[in-house]
Amino acid sequence: KQLRELLDDVRVVDIVGDSSCEIYSLEYDSRKVEAGGCFFAVRGTASDGHAYIGAAIEQGAVAVVCETLPEVPQRGICYVVVEDTNVAMAAIAAAYYDHPSMELRLVGVTGTNGKTTTATLLYDMFMALGYKAGLVSTVVYRIGEESIASTHTTPDAIRLNAMMRRMVNEGCDYCFMEVSSHAAAQHRID
């Protein structure tokens, strides 16, 4: 997809470069960027993704979503400056995967205790009733009967949208997911 097609729901401060570039993948870890990728420079508690923009470009990024433009933008790269990279990442990931959450009956379970149990019971109950469902939990991710090793209680917006797209493509009607307060604060579920 062209980058400009992914920006409809993003509060863009500025665009430097050609936003008609084709985007083949999304990533916020510069070490995992692939050719034709869009890199999100996320400010974290331990490191600032802005420090890895150069590394992401060396890995093949053609677009960078950031809060602060580099002092010397590199030619041939499209920079999308936003107020909050996490918020933009959620919107762009949803658009990249064609808004899969709009095609599911999505149930988020939050709270201090009982998230895993509640989400899993709902998933098990709906599967037993004959519905095809997905599960996103601390213990395991499930797409129908398939089990995938869990990496986070609530994965980042890119992984979450990719997983929900797989759920839709494989016929799931429902998705039950744990929503940690940390994930909500980081806009993973936007």
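Residue indices begin at 1 and follow the sequence shown. Since this is a predicted model, take the numbers as computed values, not measurements.
- Proximity of a side-chain donor or acceptor of T153 to a complementary backbone N or O of S180 within less than 3.5 Å is not detected.
- A 6.0 Å sphere centred on CZ of F126 holds more than 12 heavy atoms belonging to other residues, nucleotides or ligands.
- Within the model, atoms CE of M177 and OG1 of T154 stand 5.0 Å from one another, a figure rounded to the nearest 0.5 Å.
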Which side-chain N or O atoms in residues 30-39 pair as donor and acceptor under 3.5 Å with protein atoms at least two apart or in another chain?
| from | atom 1 | to | atom 2 | distance (Å) |
| --- | --- | --- | --- | --- |
| R31 | NE | D29 | OD1 | 3.0 |
| R31 | NH2 | D29 | OD2 | 2.9 |

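- To the nearest 0.5 angstrom, M163 atom CE is 13.0 Å from R142 atom CZ.
- Considering CZ of R159 and CE of M164, their distance stands at 13.5 Å, rounded to 0.5 Å.
- M125 places none of its side-chain heavy atoms less than 4.5 Å from the side chain of Y131.
- The side chain to side chain contact (heavy atoms under 4.5 Å, CB included) test applied to R105 returns Y174, not counting sequence neighbours.
- Side-chain atoms of V136 and M167, non-hydrogen and from C-beta on, do get closer than 4.5 Å to each other.
- Looking only at side-chain heavy atoms (C-beta outward), V16 and C78 stay at 4.5 Å or farther from each other.
- Scanning for salt bridge (Lys or Arg N to Asp or Glu O under 4.0 Å) contacts around K1 gives D98, with sequence neighbours left out.
- Screening residues 107-130 for side-chain hydrogen bond (donor to acceptor under 3.5 Å, both in side chains) gives T116-E178 as the qualifying pairs, with residues at least two apart or on separate chains.
- Counting side-chain heavy-atom gaps under 4.5 Å among Ile, Leu, Val, Met, Phe, Trp and Tyr, V87 is found in no cluster with other residues.
- For the atom pair C172 SG and K132 NZ, the distance stands at 5.5 Å (nearest 0.5 Å).
- Other members of the hydrophobic cluster containing L7, listed by chain and number, are L3, L6, V10, V12, I15, I23, L26, Y28, F40, V42, V62, V65, V80, V82, M89, I92, Y96, Y97, I158; membership follows side-chain contacts under 4.5 Å among ILVMFWY residues, whether direct or relayed.
- Between V140 and I148 the shortest side-chain heavy-atom distance does not fall below 4.5 Å.
- Legend: residues meeting salt bridge (Lys or Arg N to Asp or Glu O under 4.0 Å) with D9, ordered by chain and number and at least two apart, are absent.
- Under the rule for a side chain to side chain contact (heavy atoms under 4.5 Å, CB included), the partners of S20 that lie at least two apart in sequence or sit in another chain are Q2, R4, D18.
- Residues in residues 69-86 take part in these side-chain hydrogen bond (donor to acceptor under 3.5 Å, both in side chains) pairs, two or more places apart or across chains: E67-T85.
- Atom CG of D173 sits about 13.0 Å away from atom CG of L106, to the nearest 0.5 Å.
- Looking at residues two or more places apart in sequence or on another chain, you find a salt bridge (Lys or Arg N to Asp or Glu O under 4.0 Å) between E170 and R166.
- Among pairs with a residue in residues 46-60, those fulfilling salt bridge (Lys or Arg N to Asp or Glu O under 4.0 Å) read R43-D48, at least two apart in sequence or across chains.
- Take E103 and apply the side chain to side chain contact (heavy atoms under 4.5 Å, CB included) test, not counting sequence neighbours, and it matches R165, V168.
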